Amino acid sequence: MVFSEKILTWYAENKRVLPWRRTKNPYNIWLSEVMLQQTRVAQGLPYYEKFIKEFPTVKDMAAASEEKVLKLWQGLGYYSRARNMHATAKIVVNEFDGKFPSTYKELIKLRGIGDYTASAIASICFDEPEPVVDGNVYRVLSRYFGIDLPINSSEGVKYFKNLAWEVMHTNIRDYNQGIMEFGAIQCAPKKPYCLHCPLSEGCVALAKNKVHELPVKLKKTKVKQKYFNYLVVIDSNKNTILEQRTGKGIWQNLYQFPLIETDTQVGLDVIKVKVAKVFSSLKGFEISEFNEKPIIHKLSHQHLHTKFWIVQSNDMLSNGISNDTLEQYPVPVLIADFIRSFKF
DNA sequence: AATTCGGGGCA
DNA sequence: TGCCCAGAATT
């Protein structure tokens, strides 16, 4: 048996039961693929169920507000995926009569759909012979064929896509899902089960004892340290303030408490002065520290050293938000955790 | 070509 | 603590 046939055989015997494997409906496949970008199946699965229940069709999603979509997406991360997905839902409804395009070439034009996702939808839904190359595929191919080109170099990306074309099977639907599943379950990043692997015969990395050196990946940039001070204002009605994050950067269009970002960790004295400026309309206020030690919220590229400051005032906010409407807003996990732990 | 988008799980 | 996850868009 050649490589692709072994993958198909392994997949037939080992594939997990997953909701999006019961259908070829492009809406379902698209939703699952976008959710699983840089995301483990276990983490994405409950979100997929939620979304299908709330938005059974692409038309339902297109009709919803972005805020509703972001709220359902809350906690899954990479929120541009949700915004792009929502934009694409509207395009599909308004310009394609609610039907997804059926070719790689057309699919990749849509927002949030790149090479991988276009290949996945085209092959799984429409049997177009287009190999997927995701993190799993990079790992399987680099190990089995002993390729040490960096998978995140432009040369590596081209090489592996080309290799994927050469070794793929005509049963593209099962092959594509099979090689990814094989990478996720059998040819795992840290503890691959090489001892009883159906592809061990012919695996270059195993023969050369280089399984744990592959795939090769270029160094990632170092994380930035940032210092966040969130002002949790509480007025005479026990209302508070949320603001929407606009512009570029993390958590775009999500909500948060008024934020003061500083270059270093600052204390109560500094915050007092800043609050007096930011909330000059407040007649009087008292500030207390919620957490003495900063909460370090770790993201891929930044560590957010965060302090929450409780700003109590006897005034009544005109734009105040009551604590029971607070949970309607899409917020970052950092804010959601605070709201859960704090009694308004 | 390099950087920037989250959050969680695992050794 | 570092690495990775059914990547894409922006700089």
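Values below: all heavy atoms of this structure, side chains included; hydrogens, waters and symmetry mates excluded. Small disclaimer: the values here were computed from a predicted structure and weren't measured. Chain letters run A, B, ... following the sequence lines, proteins first and then strands; every chain starts at 1.
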Please enumerate all protein N or O atoms sitting under 3.5 Å from an N or O of nucleotides 9-11 of chain C, with distances to 0.1 Å.
unit_1	atom_1	unit_2	atom_2	d
dA9(C)	OP1	Gly112(A)	N	2.4

Tabulate below the donor-acceptor pairs under 3.5 Å that side-chain atoms of residues 172-184 of chain A make, not counting sequence neighbours, or state none.
unit_1	atom_1	unit_2	atom_2	d
Arg173(A)	NH1	Ile124(A)	O	2.9
Asp174(A)	OD2	Asn171(A)	ND2	3.2
Asn176(A)	OD1	Val132(A)	N	3.1
Asn176(A)	ND2	Ser123(A)	OG	2.9
Asn176(A)	ND2	Glu130(A)	O	2.9
Gln177(A)	OE1	Arg21(A)	NE	3.4
Gln177(A)	NE2	Arg173(A)	O	3.2
Glu181(A)	OE1	Arg16(A)	NE	3.4
Glu181(A)	OE1	Arg16(A)	NH2	2.8
Glu181(A)	OE1	Arg21(A)	NH2	3.0
Glu181(A)	OE2	Arg16(A)	N	2.9
Glu181(A)	OE2	Arg16(A)	NE	2.9
Glu181(A)	OE2	Arg21(A)	NH1	3.3

Please tabulate, for side-chain N and O atoms in residues 190-215 of chain A, each donor-acceptor pair with protein atoms closer than 3.5 Å (sequence neighbours left out).
unit_1	atom_1	unit_2	atom_2	d
Ser200(A)	OG	Cys197(A)	O	3.0

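- Of the residues in residues 116-125 of chain A, Tyr116(A), Thr117(A) come within less than 4.0 Å of DNA chain C through at least one heavy atom, sorted by number.
- Within residues 143-177 of chain A, no residue has any heavy atom under 4.0 Å from DNA chain C.
- Take Asp337(A) and apply the salt bridge (charged side-chain N to carboxylate O under 4.0 Å, His left out) test, not counting sequence neighbours, and it matches Arg340(A).
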Which pairs would a plain distance check flag for residues 275-286 of chain A, meaning a side-chain donor or acceptor within less than 3.5 Å of a matching protein atom at least two apart in sequence or in another chain?
none

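- With sequence neighbours left out, the salt bridge (charged side-chain N to carboxylate O under 4.0 Å, His left out) criterion links Asp127(A) to Lys24(A).
- Gly75(A) comes within contact range of the sugar-phosphate backbone alone, with a heavy-atom separation under 4.0 Å but no base atom that close.
- Residues passing the side-chain hydrogen bond (donor to acceptor under 3.5 Å, both in side chains) test with Gln225(A), sequence neighbours excluded: His305(A).
- Scored by the salt bridge (charged side-chain N to carboxylate O under 4.0 Å, His left out) test, Glu289(A) finds Lys307(A) as partners (sequence neighbours excluded).
- In this structure Asn314(A) satisfies the side-chain hydrogen bond (donor to acceptor under 3.5 Å, both in side chains) test with no other residue, sequence neighbours excluded.
- Residues from residues 39-50 of chain A that place a heavy atom under 4.0 Å from any atom of DNA chain B, listed by number: Thr39(A), Arg40(A), Gln43(A).
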